[in-house]
Amino acid sequence: MPQTLEIEYKPQAAVVWLSRPDVRNAVDPLMVQELSEAFEALGRDPQVRAIVLAGRGIGFCAGADIGQARYGAQPGEQDDRTDALACAAMLHTIYSCPKATIARVHGICMSVGMGLAAACDITIASSQATFALPETRLGLVPAVIAPYVLRAIGPRHATRWFLTGETFSATEAWRIGFVHDLCEPESLDMRIAALVDTFMLTAPDAVSATKDLVHELPVRATTDDAAPASPDGGLVGPMGPTSGTGSAGGPGTSVAGASPAPDVMGAVVASAVLPGARLPQWIVTGDFPSGLVSI
Ligand SMILES: C/C=C/C(=O)SCCNC(=O)CCNC(=O)[C@H](O)C(C)(C)COP(=O)(O)OP(=O)(O)OC[C@H]1O[C@@H](n2cnc3c(N)ncnc32)[C@H](O)[C@@H]1OP(=O)(O)O
């Protein structure tokens, strides 16, 4: 039985409630572990087609529990990154969950909270929600959440909000593409329920395969010439370096279309929190957000 979450089962769907309302659902190491376990289990559950991630109390999530966890390092500091790596792995578990995932955002959505929303497939927010990425104000680098936030809004918007740490409105979050739909607070649950219902019309295997396709597509669309080599000679795509020589169709290459192996993905999330590691770089082509191409 999780201590930091409540899991509500609905017909063919589940709601994962962040449930530390007294601390605005701040993410501590136990919540990281329980979120990983919950999304792994729900991802395997054939009865579940859609998973909603929501927050109890007056806000969605106030980011990392600043009393309990270290989810970022002071630049140059060699500290214990266990918590950060676990958090990065948890975000990747949500991102790669084979079920449709929907973030229901109300109230504050900050830092790791934005990472959680960005790792979900769809984000629906109350018009009263507020957003912030205050890591730099705390002397931290937002490495754990950056891959997901960049994927959601691209580097230009991410740079603006990462660097200043200002709080911004739900309208702005919608304008920059972080939020798909905005609702009045009183209609948020109805909107989420309607969205969940749409997944009763879809084939679960097709949803899962389409998620894989969308996650791979930026890599598939990249030629060897267009992608810089990672330190091990693989390509650097939106999910980070892939192993192999990068020749089209060859074993272990990104262009072949196979999902990167789990150990590679582990290395990718690890690279996102290692000092000096290069995060994936992006350009946006065509209609946002489908035209991401690694550079
Ligand atoms: C790499 C990633 C790193 C990160 O995630 S960095 C971001 C870390 N997060 C923060 O810095 C947020 C800090 N919190 C706040 O700024 C404010 O809070 C809020 C805007 C989120 C909410 O403000 P309000 O609604 O007025 O509530 P309240 O009275 O400030 O807080 C209620 C209780 O919640 C605790 N709390 C809030 N956020 C966190 C947090 N992130 N970690 C641990 N505790 C938190 C407070 O301390 C307090 O507790 P008590 O009632 O015992 O005084």
Side-chain angles (χ1 to χ4, degrees), residues 3-5 17-36 53-95 103 105-120 123 125-126 128-153 158-159 161-170 172-173 178 185 268-277 279-280:
Q3 295 171 42
T4 66
L5 309 175
W17 292 96
L18 307 175
S19 189
R20 302 184 75 215
D22 292 349
V23 288
R24 307 295 182 257
N25 298 318
V27 178
D28 68 352
L30 181 59
M31 186 183 278
V32 167
Q33 181 192 326
E34 291 182 347
L35 278 169
S36 295
L53 181 61
R56 291 289 193 206
I58 65 170
F60 176 68
C61 176
D65 188 314
I66 45 185
Q68 289 197 46
R70 302 191 69 142
Y71 291 147
Q74 303 282 345
E77 188 184 0
Q78 295 294 322
D79 65 344
D80 182 353
R81 287 176 173 76
T82 306
D83 290 341
L85 287 167
C87 188
M90 176 271 288
L91 290 173
H92 182 68
T93 297
I94 295 175
Y95 175 76
V105 176
H106 75 298
I108 188 73
C109 178
M110 193 180 266
S111 298
V112 172
M114 284 190 66
L116 288 170
C120 289
T123 296
S126 154
Q128 302 301 310
T130 55
F131 297 79
L133 296 159
E135 281 87 343
T136 54
R137 295 187 180 198
L138 302 170
L140 300 173
V141 177
V144 171
I145 62 170
Y148 305 98
V149 173
L150 261 68
R151 185 174 185 278
I153 60 176
T159 301
W161 297 113
F162 273 144
L163 293 189
T164 66
E166 295 164 285
T167 298
F168 56 99
S169 67
E172 174 65 4
F178 189 82
V268 171
V269 293
S271 73
V273 294
L274 292 173
L279 288 173

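This structure is a prediction, so every number in the text was calculated from the model and none was measured. Note that ligands are numbered from 1 as they come in the structure, with each ligand's atoms numbered from 1 the same way.
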Exercise. Looking at ligand 1, does any of its N/O atoms fall within less than 3.5 Å of an N/O of Arg24?
Worked result: yes
For this session: Please could you name the atoms of ligand 1 that Ser111 approaches to less than 4.0 Å, counting only its heavy atoms?
Result: 4 (C), 5 (O), 6 (S), 7 (C)
Exercise. Taking only heavy atoms of Val112, which atoms of ligand 1 are found under 4.0 Å from at least one of them?
Worked result: 2 (C), 5 (O)
Seminar exercise, completed: Filtering Val27, Asp22, Thr167 for the heavy atom nearest atom 49 (O) of ligand 1 leaves Asp22
For this session: Working to the nearest 0.5 Å, report the span between CD of Glu172 and OG1 of Thr130.
Result: 13.0 Å
Exercise. Would you say Pro134 and ligand 1 have an N/O pair spaced under 3.5 Å apart?
Worked result: no
Exercise. Under the 3.5 angstrom rule, does the side chain of Glu34 hit a backbone N or O of Gln3 as a donor-acceptor pair?
Worked result: yes
For this session: Of all the heavy-atom pairs spanning Asn25 and Cys61, show the shortest one and how long it is.
Result: O-SG, 3.3 Å
Exercise. Just by modelled atom types, is the Arg56 backbone N or O under 3.5 Å from a matching donor or acceptor in the His106 side chain?
Worked result: no
Exercise. Within the structure, does Ile66 bring an N/O atom to less than 3.5 angstrom of an N/O atom in ligand 1?
Worked result: yes
For this session: Tell me which one of Val23, Asp28, Leu133, Asn25 gets a heavy atom nearest to atom 44 (N) of ligand 1.
Result: Val23
Exercise. Should His92 and Tyr148 count as side-chain neighbours, where that means a heavy-atom distance under 4.5 Å?
Worked result: yes
Exercise. Who are the side-chain hydrogen bond (donor to acceptor under 3.5 Å, both in side chains) partners of Arg20, not counting sequence neighbours?
Worked result: Asp65
Problem set entry | Part of Ala26 within contact of ligand 1 (heavy atoms, under 4.0 Å) | side chain
For this session: Run through Leu116, Asp83, Thr4, Leu18 and flag the one making a side-chain contact (heavy atoms from CB on, under 4.5 Å) with Val27.
Result: Leu116
Exercise. Can a non-hydrogen atom of Val144 be found less than 4.0 Å from any atom of ligand 1?
Worked result: no
For this session: Between Gly63, Ala62, Ala88, flag the one that comes closest to atom 9 (N) of ligand 1 by a heavy atom.
Result: Ala62
Problem set entry | Sidechain-backbone polar pair: Thr136 side chain, Leu163 backbone, donor-acceptor under 3.5 Å | yes
Exercise. Given Met110, Glu135, Arg20, Arg137, which has its nearest heavy atom closest to atom 3 (C) of ligand 1?
Worked result: Glu135
